[in-house]
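Accompanying notes for the structure given below.
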2 protein chains.
Amino acid sequence: MPNTTADDLRRIALEQFSTVGFAGASLGSIAEEAGMSKSSVLYHYASKEALLDAAVTPAVEKLHAIIDGFAPAGEDGHATFVAAFVDFVLEHGAELHIFIGQGQALGNVGAIGRANQLVERLAGLADAGIPTVEGRVRFGMALGGAAYLVAATRAFAPTTDPVPEEEIRSALVVSITQLLAPIPPAVRSAGGEVLAVRPLSAPSESHTSPEPAHAG
Amino acid sequence: MPNTTADDLRRIALEQFSTVGFAGASLGSIAEEAGMSKSSVLYHYASKEALLDAAVTPAVEKLHAIIDGFAPAGEDGHATFVAAFVDFVLEHGAELHIFIGQGQALGNVGAIGRANQLVERLAGLADAGIPTVEGRVRFGMALGGAAYLVAATRAFAPTTDPVPEEEIRSALVVSITQLLAPIPPAVRSAGGEVLAVRPLSAPSESHTSPEPAHAG
DNA sequence: CACTTTACTGTCCGATCGGTCAGGATGCTG
DNA sequence: CAGCATCCTGACCGATCGGACAGTAAAGTG
């Protein structure tokens, strides 16, 4: 039953919080877009913060599951993790935009605080599992870059002509996988030049397949 | 003369706009941190928006110069551009955080509107100069990822132990350069697997040098 | 000295915000 | 029918915000 009034409000609030910020969006504007009064919004959600929490919680839980799935790294070269993460980014660009831009200021809101912890945990996993600073930078660039790319695409979408999502998805999977693949020190010159990276360990079908991988 | 009251205000405002958002920061809180009254802030800057504009303008102009320098792509494989961009990202993380998180909502403010145009122009250059969607995704991931990485590092800095900036700088330069280097279709398998990337064209000293490249 | 400029302040104002509250309409249930 | 829960509303309140304005203290400047 995803078509209730409460879900409409969550959806609308999510978009407004993402575009104009939590402080910038007002209960009145959310109510207006939903075609109801401010009082009605406060009937469904006890407060503005409760609305934000509800709007963001599903994405946070999904992200939690994805990061849980990251721990056993190895075997398939993060292929499952990357696919799940890319799907997540493509589906929850608005929430990511909120985490990135306002996570610091809104950390006292339950779900956002949890999202911050997830980011820190992911950073901790990277610190523990990736020996070099360059590797960790690549890790952060890959994940953060994907998040930013989707957020920016959302922001500037009306200007540029649309690119099929599947194409973006596979490009993201390929690029992230490449960035996550460790660079063997042997193939780097003394000056630090990257001379080669090892081939992707993911099978060629993995980023050609039209169906997304589901994480939750 | 960068130590005037007006510059203090710009600095304080920039940090608050970045962390709690433009709508979330108040002239009162900025005045308080500056040790003066709200009226005094409005004496130096005609309005809150004017303060934002002044706080962000130097970074926008620097970014403008950097992007101008991108147009003649080729020769050194974007090495100059990448070095300048990385320096910019490291120096102006707060402004980038504002552009990323609030550029959409604050586009009516002059400098931020110009920043948005710069992003669109950069995207346009990528669209025109990079034939494949994957290449454009890599381009966006490289630049956006670097920006996000620095912004996130700023946000979560107090938790993690500091990494020398030079190390991050060189890692960013290496990774971005690699992402910007086109993937010759020849060395890719039929399934799309990346089998190799061409070596960096930048000399090995370029990302080992302790002095940053200056763009303006 | 008088005069002007610079830097700054307290007070006030209208607007907007999040949130409370009492009540209206509708529909289900006995 | 009465009784009750669900959904929604307008009116209202205190707080906060950006900003206008008159005025003041200090520092030049003739």
Side-chain angles (χ1 to χ4, degrees), chain A residues 1-57 98 101-102 104-113, chain B residues 1-57 98 101-102 104-113:
Chain A
M1 53 172 94
N3 272 342
T4 70
T5 304
D7 282 297
D8 278 353
L9 286 175
R10 260 190 18 219
R11 216 193 61 248
I12 293 171
L14 177 64
E15 200 228 314
Q16 292 205 10
F17 290 156
S18 167
T19 53
V20 300
F22 180 74
S26 71
L27 291 176
S29 67
I30 294 170
E32 191 183 9
E33 189 173 334
M36 59 198 327
S37 75
K38 185 179 69 173
S39 305
S40 296
V41 177
L42 286 167
Y43 166 76
H44 288 282
Y45 297 96
S47 70
K48 196 184 178 186
E49 287 197 354
L51 178 52
L52 169 63
D53 193 281
V56 156
T57 289
I98 293 176
Q102 312 173 61
Q104 204 175 352
L106 302 176
N108 55 324
V109 176
I112 303 234
Chain B
M1 52 171 92
N3 271 343
T4 71
T5 304
D7 282 298
D8 278 354
L9 285 175
R10 262 192 15 220
R11 216 193 62 248
I12 292 171
L14 177 64
E15 199 228 315
Q16 290 204 13
F17 290 156
S18 167
T19 54
V20 302
F22 179 74
S26 71
L27 291 177
S29 68
I30 294 171
E32 191 184 9
E33 189 173 333
M36 59 196 330
S37 75
K38 186 179 65 173
S39 304
S40 295
V41 177
L42 285 168
Y43 166 77
H44 289 281
Y45 296 96
S47 69
K48 195 185 177 185
E49 287 196 354
L51 179 51
L52 169 64
D53 193 280
V56 156
T57 288
I98 293 176
Q102 310 173 65
Q104 205 176 351
L106 302 177
N108 55 324
V109 176
I112 303 235

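With rounding to the nearest 0.5 angstrom, the CD atom of B/Gln16 is 9.0 Å from the CD atom of B/Glu32.
In this structure, A/Ala25 reaches the sugar-phosphate backbone alone: every heavy-atom distance under 4.0 Å involves primed, P, OP1 or OP2 atoms, never a base.
Across every non-hydrogen atom of A/Ser29 and A/Ser26, the tightest pair is OG-O, 2.8 Å.
For B/Ser47, the listed nucleotide lying nearest its side chain is D/dG19; candidates were D/dG19, C/dT6, C/dC17. Proximity note for B/Leu42 (side chain, C-beta onward) versus D/dC17, D/dG19, C/dG19: the nearest is D/dG19. In this structure, of D/dC8, D/dG18, C/dC8, it is D/dC8 that holds the atom nearest to the side chain of A/Ser40. Taking every side-chain heavy atom of B/His44 into account, C/dC8 is the closest of C/dC8, D/dG10, D/dG18.
A/Lys48 places no side-chain N or O within 3.5 Å of a backbone atom of A/Leu42 that could act as its donor or acceptor partner.
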Before you tell me yes or no, could you show the steps for B/Asp8 and B/Thr4 under side-chain hydrogen bond (donor to acceptor under 3.5 Å, both in side chains), namely the whole-Å CA-CA distance, both residues' side-chain angles and the distance that decides it to 0.1 Å?
CA-CA 6 Å; B/Asp8 278 354; B/Thr4 71; over 6 Å; no

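Put simply, CZ on B/Phe17 is 13 Å from P on D/dC17, counting in whole angstrom units. Counting to the nearest Å, the C1' atom of D/dG18 and the CG atom of B/Leu51 are 12 Å from each other. Distance NZ (B/Lys38) to P (D/dC17): 8 Å, rounded to an integer number of Å. B/Leu27 places its CG atom 8 Å from the C1' atom of D/dG19, with the value rounded to the nearest Å. For the pair A/Met36 CE and D/dT6 C1', the interatomic distance rounds to 12 Å; values are reported in whole Å. Rounded to whole Å, atom C1' of C/dC8 lies 15 Å from atom OH of B/Tyr45. Distance, B/Leu52 CG to D/dG18 P: 12 Å, rounded to whole Å. Separating the CD1 atom of B/Ile30 from the P atom of D/dG18 is a distance of 8 Å, rounded to the nearest angstrom.
Below the 3.5 angstrom threshold, one finds a donor paired with an acceptor across the side chain of A/Ser39 and the base of D/dG10. For C/dG19, the base has no donor-acceptor partner in the side chain of A/Lys48 [N/O atoms by modelled type, under 3.5 angstrom].
Phosphate proximity of D/dC8 to A/Tyr43: absent, as no side-chain N or O sits under 4.0 Å from OP1 or OP2.
With contacts defined as side-chain heavy-atom distances shorter than 4.5 Å, the pair A/Leu106/A/Glu49 does not qualify.
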